[in-house]
Structures are given as C-alpha cells and as structure tokens.
A.B. asks: 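I'd like to ask some things about the structure below.
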Amino acid sequence: IKASAGTGKTFSLATRYMRLMLIDGVEPEKILALTFSRAAAQEIYTKILERLWKAAASEENASKESKEICNCKGLGIDRSWKAEKFVFMLRRLLDTQHLGTIATLDSFILRMVRNFPLEMGFQHAVEVLAPADESEAVQDALREILNGTKNAAAFIKVFSAAR
C-alpha cells in the first residue's frame, strides 16, 4: 500500500492479515507481510494484537470486529465470530511470533540468505557486520584488489568478507 500518513494503511494491512486468518483459514506462520521499516512492521503487528485482544475481551467487541473484518472494502461477507475464536487466533499469533512473518524486507532477505547460503551462492555462513567492521572489510578487499595480489585464496577471503 502506497499512501500518505494517516490514511489507514496499518488498519488495512491488519484487517487483511486478520481476514486471511479468520475467513481464509490461513495459519499466521504462512502469511508474510513485508514493509520497509521496523517501526511499520511493529506497528502492523501491534495493531493486529490490539484488535485480536480487544475482540477476545467480550462478545460485543467480537461482534464489532467480525463486522470490521467482513465488511471492509465492501466484501459483504456475513460472518460473526465469538470471542473464543479471537482468543484462539491471538494465541496462535503469539505462538508463532518467533517466525517473524511480519518483518522488514531486509530482515526477510537476510533470513533467506542465512537459511539457504549455498543456494544463494555463499560458501560460508553469513553474518551482518557492524558498520565499522564493514568499512574495514571493504578497505581490506580494496587493498587486495589494488595491490594485484597473486594469492587467490587471500583475495577471495577478504572479498567474500566485504561482500
């Protein structure tokens, strides 16, 4: 969703996420929501938790939330869930939060690289360098390149570290 601040992006994304769980029966760990900032990812996750928690608190709130989820964007689906359904979904979401299915794009890519290094073309484990270490690794690689090293293993080591 591309829109200005305050236009309801977080509400829409949270509603979509909840709709996937409640209407389509998708398990939370099978839903991937990516955004560009940690703050936005946290805001979406928090909004989903707040809405599930509120709906789980009473039958009246469950009825209101059911209507929000079903009627958003004119879907006109007629379903009403009891508070216990929202309790179940809240527990399910909390149980799977370690899987990080609401994340930033860069954290998702890093997870894929860490989980599948060989498939991504890396010969060794991947780690994120601190900015100071990254700068030093790049400088080492540049020195090796500019010095025209004949030692391929040393060059590959520093180049891989910098990359």
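Computed from a predicted model, the values in this text were never measured in an experiment. The first residue in the sequence is number 1, and the count goes up from there.
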A.B. asks: Is Ser63 reaching over with its side chain to a backbone N or O of Glu60, donor-acceptor style, under 3.5 angstrom?
C.D. replies: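 Not a single qualifying donor-acceptor pair exists.
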A.B. asks: Under a plain distance cut-off of 3.5 Å, with no hydrogens placed, do Tyr45 and Thr101 share a side-chain donor-acceptor pair?
C.D. replies: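 Not at all, the side chains of Thr101 and Tyr45 share no donor-acceptor pair under 3.5 Å.
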A.B. asks: Flag the pair Thr96 / Glu27 as yes when at least one side-chain heavy-atom distance between them is below 4.5 Å, and no otherwise.
C.D. replies: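 The answer is no; the side chains never approach within 4.5 Å.
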A.B. asks: Report yes if the side chains of Tyr17 and Lys47 come closer than 4.5 Å at any heavy-atom pair, otherwise no.
C.D. replies: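 No - every pair of side-chain heavy atoms lies 4.5 Å or more apart.
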A.B. asks: Heavy-atom count around Arg114 CZ within 6.0 Å, excluding the residue itself: above 12?
C.D. replies: yes
A.B. asks: Is there a continuous path of hydrophobic side-chain contacts, each under 4.5 Å between heavy atoms, that joins Leu34 to Phe36?
C.D. replies: yes
A.B. asks: Output all residues satisfying side chain to side chain donor-acceptor pair (under 3.5 Å) with Arg51, sequence neighbours left out; order by chain, then residue number.
C.D. replies: Thr15, Glu65
A.B. asks: Find the distance between CG (Asn61) and CH2 (Trp53) and round it off to the nearest 0.5 Å.
C.D. replies: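 So the CG of Asn61 and the CH2 of Trp53 are separated by 8.5 Å.
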A.B. asks: Quick one, Cys70 and Trp81 - any side-chain contact, counting heavy atoms below 4.5 Å?
C.D. replies: yes
A.B. asks: Any side-chain heavy atom of Leu52 sitting closer than 4.5 Å to one from Met21?
C.D. replies: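 The answer is yes; the side chains approach within 4.5 Å.
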A.B. asks: If you count every heavy atom of other residues, nucleotides or ligands that lies below 6.0 Å from Lys54 atom NZ, does the total exceed 12?
C.D. replies: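 For Lys54, atom NZ is not crowded (no more than 12 foreign heavy atoms under 6.0 Å).
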A.B. asks: Among the clusters formed by ILVMFWY side chains lying less than 4.5 Å apart, do Met89 and Val87 turn up in the same one?
C.D. replies: no
A.B. asks: Do any side-chain atoms of residues 102-110 form donor-acceptor pairs under 3.5 angstrom with protein atoms, and if so which ones, sequence neighbours left out?
C.D. replies:
from: Thr104; atom 1: OG1; to: Asp106; atom 2: OD1; distance (Å): 2.6
from: Thr104; atom 1: OG1; to: Ser107; atom 2: N; distance (Å): 3.2
from: Thr104; atom 1: OG1; to: Ser107; atom 2: OG; distance (Å): 2.9
from: Ser107; atom 1: OG; to: Thr104; atom 2: N; distance (Å): 3.3
from: Ser107; atom 1: OG; to: Thr104; atom 2: O; distance (Å): 2.9

A.B. asks: Can you name the closest pair of heavy atoms from Ala83 and Ala56 and give their distance?
C.D. replies: CB-O, 3.6 Å
A.B. asks: How long is the span from the CZ atom in Arg16 to the CD1 atom in Ile31, to the nearest 0.5 Å?
C.D. replies: 8.5 Å
A.B. asks: Any chance you could measure Phe86, atom CZ, to Leu22, atom CG, to the nearest 0.5 Å?
C.D. replies: 5.5 Å
A.B. asks: Show me the pairs that pass salt bridge (Lys or Arg N to Asp or Glu O under 4.0 Å) and involve residues 29-38, at least two apart or across chains.
C.D. replies: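 Residue pairs passing salt bridge (Lys or Arg N to Asp or Glu O under 4.0 Å), neighbours aside: Glu29-Arg92.
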A.B. asks: If the test is side-chain contact (heavy atoms from CB on, under 4.5 Å), which one of Leu13, Ile48, Thr10, Thr35 qualifies with Glu43?
C.D. replies: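 Per the side-chain contact (heavy atoms from CB on, under 4.5 Å) rule, the option paired with Glu43 is Thr10, out of Leu13, Ile48, Thr10, Thr35.
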